[in-house]
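Remember, it's 1-based here, ligands and their atoms both numbered in the order they're listed.
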Amino acid sequence: MDVNKIVNAASFLKEKYSKVPKIGLILGSGLGVLADEIIEPVKIPYNEIPDFPVSTVEGHAGQLVFGDLNGVDVVAMQGRFHYYEGYSFDKVTFPVRVMKELGVEILIVTNAAGGVNESFTPGDLMLISDHINNMGSNPLIGPNDSKLGVRFPDMSEAYAKDLRKAAKEIAQQLNINVKEGVYVGNTGPTYETPAEVRLLRVLGGDAVGMSTVPEVIVARHAGLKVLGISCISNMAAGILDQPLNHEEVIETTEKVKKDFLQYVKALVKNMA
Ligand code: HPA
């Protein structure tokens, strides 16, 4: 990871938006609408930002949105980069490095995920308590630049306990039902086989998706606090007698949109 590229991209963005965003948001499949709630938004397409990758998946707009979300200065990624698209982990996690350089202190990561825990229902929101990196590699492999973080980062509290506690309290106040569980990051792009889903359950996974893990590893390396929210868009393969498809994922996130928007806006305000 080249520090100059990070500083360069951040300087470019600071010229377009002069305030310091305290919170960074990564919006997953179907959840990008949250960025539309930002007041007086400054939108910067990824393809204009030096060294930023450009996303390719449907349901991902591909821009940074700066501005005021419920009274708090934020920067949101409307569309993220996935390893399965062919980007290196360096590319996938570059925006997180840039957010840190911009002054972001807290990262809220969101995703659509398959429910592995059989007590879940499609449409549930799940606070991520922890993750399992099942992607076969790690974004920090390679020489470590101590300007960016330590060689051997602690991951014993990848998802900040205090943020999770506050998030549970806010869910109660808003009467929004949130689950909590372990997110397993797979590479995709195939959905899992039923046997793989049974394996993940034995391993302690509650939800499975194709993102988030690399970004959170880099965020922790960079010293950002992290809150993660999965939208359970479908039951993982083999639980129900039906095939999975991306349209179903988008449809379900569409249904929970209202709760999700209200919830994240309340979380952001509480973190300020
Ligand atoms: N598996 C992996 N990734 C996913 C799923 C799933 O079932 N649903 C949404 N993203």
* Asked: When you check the gap from the basic side-chain N to the acidic O, do D124 and K179 get nearer than 4.0 Å?
  -> yes
* Indicate yes or no for a side-chain donor-acceptor contact from D145 to the backbone of K147 under 3.5 Å, with no hydrogens or angles considered. => yes
* **Shortest non-hydrogen contact from R97 toward L140** => NH2-CD2, 3.5 Å
* Can you pull the residues with any heavy atom under 4.0 Å from ligand 1? -> A112, A113, G114, Y191, E192, V208, G209, M210, S233, N234, L244, V249
* Asked: Can a salt bridge be assigned to the pair E105 and K225 using a cut-off of 4.0 Å between side-chain N and carboxylate O?
  -> no
* Classify the angle between the aromatic ring planes of F52 and F81 as parallel (below 30°), tilted (30 to 60°) or perpendicular (above 60°). => perpendicular
* **Salt bridge flag under 4.0 Å for residues E169 and K165** => yes
